[in-house]
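Worksheet: one structure, shown below.
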2 protein chains.
Amino acid sequence: MEEILINYLSKYITITDELLLAIKESGFIKNFSKGTVLLSEGDLSNECYFILKGCVRCYYNKDGDEKTTDFYTEEQVVISSSYGKNKPSEHYLECVEDTVASVGSPELEAEMYHRFPQLESLARILGDVMMSKYQDTLAEYKIASPEERYLNLLKDRPDLMQRVPQHQIASYLGIKPESLSRIRKRLLNKQK
Amino acid sequence: MEEILINYLSKYITITDELLLAIKESGFIKNFSKGTVLLSEGDLSNECYFILKGCVRCYYNKDGDEKTTDFYTEEQVVISSSYGKNKPSEHYLECVEDTVASVGSPELEAEMYHRFPQLESLARILGDVMMSKYQDTLAEYKIASPEERYLNLLKDRPDLMQRVPQHQIASYLGIKPESLSRIRKRLLNKQK
DNA sequence: TTAAAACGTTGACTATAGTTAAGAAATGAA
DNA sequence: TTCATTTCTTAACTATAGTCAACGTTTTAA
């Protein structure tokens with residue numbers, strides 16, 4: 001399993017043997033079974049995750065119903081916006097499948113950055129990459145209609161439709177399940 | 001003007017005299033007059049900005065009309081999602097006011113990180129901060145209705161309403177100017 | 001295996017946003 | 001100042017999403 005992580009990291013930096021060893025030894029890979037709640041509203045977030053296998057969902061509780069804002073799958077990094085900050089999380093993180101992930105913490109990060117300064121460069125670069133992604137996602141979200149967002153999602157992450165219930169997808173698209181149902185119907189009719 | 005930047009940086013790291021000098025000497029502070037286009041669709045982005053005074057708008061051109069996705073004002077960092085990447089920008093950056101900004105480039109960044117490694121830590125931390133902000137903004141956007149988004153904007157950035165035309169605000173909220181007009185009217189009636 | 005719960009679709013109705021067009025108000029340039 | 005342009009509002013109408021309720025299907029757990 002470590003190799004997936006190492007493969008990913010080596011896209012951005014050269015992995016020395018020493019670093020390779022440190023990663024293998026640190027053994028921070030954990031298994032979580034479906035339904036595990038990694039973070040609850042109100043909790044402090046002290047862990048971040050790199051998903052090796054599985055799927056994690058981020059959602060908010062708004063007046064009793066769940067608003068899904070993100071799905072994280074293989075090779076994605078899960079960092080709560082409250083991670084490492086001393087403020088309670090406003091959202092939940094939940095495994096929607098059995099999940100294997102490499103788990104980090106501010107302490108581990110600090111130690112690793114100290115031992116391997118190249119990792120801090122990596123973290124900066126990865127942070128930039130993730131930030132542009134959020135930036136683009138936000139822009140896309142503002143620009144596109146619900147129907148267009150659904151089509152884009154189908155194109156960009158076709159696997160999600162098979163992996164998570166449709167009402168969570170609807171919520172992720174910012175609409176109600178009934179509306180997604182109707183959008184799908186509308187598209188089927190257009191197709192003909 | 002530099003002091004604003006230095007003040008901002010010192011929130012996150014200790015500024016040594018040497019670094020202070022380097023910042024003052026590098027003289028990368030520039031003035032842009034209202035209407036200046038900092039980046040156009042199709043261009044490569046080689047500059048990032050820290051706004052000392054003024055306002056920059058990010059927008060996309062979608063079938064002939066402008067979709068505003070961001071406003072950057074004092075003490076905010078403007079980084080196109082294509083900055084430093086070798087791919088053409090999909091959006092525009094335009095000064096909506098006379099603007100004074102500290103201008104950075106990948107080359108300058110690299111040089112400064114080399115001379116002052118603490119700056120790379122800073123960049124990582126700032127990247128994290130900005131990322132959480134985008135994350136939260138995206139979540140808010142998905143959770144809230146246009147009306148709620150408008151109310152949140154009024155609360156979070158009341159100055160914007162005075163600084164930019166309302167149709168750009170509408171676009172920023174993901175709605176048409178006519179709809180924003182109606183929302184405002186609706187809210188006035190509720191208030192009574 | 002079966003009963004309960006969760007999920008997806010549909011229909012009728014409501015609320016709100018988009019579209020088009022017109023005109024009033026504010027802004028900017030000659 | 002004055003004219004032209006941009007911006008904002010309003011109205012009528014259309015399209016789409018939200019709400020509520022019902023129902024059939026699928027999944028889950030006892």
Side-chain angles (χ1 to χ4, degrees), chain A residues 33-37 55 57 59-68 71 92 94-98 141-154 160-192, chain B residues 33-36 55 57 59-68 71 94-98 141-154 160-192:
Chain A
S33 57
K34 179 172 172 175
T36 304
V37 175
C55 181
R57 174 172 76 104
Y59 65 93
Y60 290 67
N61 184 323
K62 198 192 179 193
D63 327 308
D65 63 51
E66 296 180 358
K67 299 280 187 171
T68 298
F71 294 105
Y92 296 80
E94 181 198 44
C95 300
V96 297
E97 292 176 357
D98 289 345
Y141 202 89
K142 287 191 182 176
I143 289 172
S145 67
E147 184 173 317
E148 289 170 316
R149 293 201 292 267
Y150 172 66
L151 291 170
N152 289 341
L153 186 66
L154 275 186
L160 271 190
M161 298 304 295
Q162 320 307 324
R163 299 174 77 165
V164 303
Q166 190 174 304
H167 69 276
Q168 293 179 1
I169 301 273
S171 169
Y172 178 69
L173 294 171
I175 56 177
K176 299 284 157 186
E178 295 91 335
S179 293
L180 179 53
S181 219
R182 280 188 291 241
I183 286 173
R184 284 157 57 85
K185 197 175 173 184
R186 213 154 62 213
L187 290 171
L188 277 174
N189 291 333
K190 278 187 193 167
Q191 218 177 32
K192 288 191 290 200
Chain B
S33 56
K34 179 171 173 176
T36 304
C55 181
R57 175 171 75 105
Y59 66 93
Y60 290 66
N61 184 324
K62 198 193 180 193
D63 326 308
D65 64 49
E66 297 181 357
K67 299 280 188 172
T68 298
F71 294 106
E94 180 199 46
C95 300
V96 297
E97 294 176 356
D98 289 345
Y141 201 90
K142 286 191 183 176
I143 289 172
S145 66
E147 183 172 318
E148 290 169 315
R149 293 201 293 268
Y150 172 65
L151 290 170
N152 289 341
L153 187 66
L154 275 185
L160 270 191
M161 298 303 295
Q162 320 308 325
R163 300 175 76 166
V164 304
Q166 190 173 305
H167 70 274
Q168 292 180 1
I169 300 274
S171 170
Y172 178 69
L173 293 170
I175 56 177
K176 298 282 159 187
E178 296 88 338
S179 293
L180 179 52
S181 221
R182 280 189 293 240
I183 287 173
R184 284 157 57 87
K185 197 177 174 186
R186 213 154 64 214
L187 289 170
L188 277 173
N189 291 333
K190 278 188 192 166
Q191 218 176 31
K192 289 190 287 199

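The structure displayed is predicted, hence computed values, not measured ones. Reminder, nothing fancy here: chain letters follow the sequence lines and each chain counts from 1.
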- Query: In whole angstrom, what separates A:R184's CZ from C:dT9's C1'?
  - Reply: 10 Å
- Given C:dA17, D:dT7, C:dT10, which nucleotide is nearest the side-chain atoms of B:H167? D:dT7
- Task: Select from B:K34 and B:G174 the residue whose nearest nucleotide in DNA chain C is closer to the 5' end of that strand.
- Result: B:G174
- Query: Between B:D63 (CG) and C:dT19 (C1'), how many Å, whole number?
  - Reply: 15 Å
- Electrostatic pair A:R184-A:E147, nearest N-O below 4.0 angstrom: no
- Task: Give the nucleotide from the list D:dG18, C:dA17, C:dT19 with an atom nearest to the side chain of B:K176.
- Result: C:dT19
- Query: Below 3.5 Å, does any donor atom in the side chain of A:R182 face an acceptor in the base of C:dG8, or the other way round?
  - Reply: no
- Between D:dA17, D:dC8, C:dA17, which nucleotide gets closest to the side-chain atoms of B:P165? D:dC8
- Short side-chain N/O contact to D:dT9 OP1/OP2 from B:S181, under 4.0 Å: yes
- Message: Do the side chains of B:E97 and B:K34 get close enough for a salt bridge, i.e. N-O under 4.0 angstrom?
- Response: no
- Out of C:dA17, D:dA17, D:dT10, whichever nucleotide has its closest atom nearest the side chain of A:R186: D:dA17
- Message: Counting the benzene-type ring for Trp, do A:Y141 and B:Y141 have ring centres under 6.0 Å apart?
- Response: yes
- Separation of C:dT16 C1' from B:E147 CD (nearest whole Å): 10 Å
- Grab the CD-P distance between A:Q166 and C:dT9 for me, whole Å please. 4 Å
- Atom OH of B:Y150 and atom C1' of D:dC8: how far apart are they, to the nearest Å? 13 Å
- Message: Is it true that A:Q168 and A:S171 share a donor-acceptor pair across their side chains at a distance under 3.5 Å?
- Response: no
- Message: Measure CD/B:E178 against C1'/D:dA12 and give the value in whole Å, please.
- Response: 13 Å
- Separation of D:dT7 C1' from B:L180 CG (nearest whole Å): 12 Å
- Task: Please determine, by modelled atom types, if A:S181 and A:E178 share a side-chain donor-acceptor pair under 3.5 angstrom.
- Result: no
- Over how many whole Å does the gap from B:K185 atom NZ to C:dA17 atom C1' extend? 15 Å
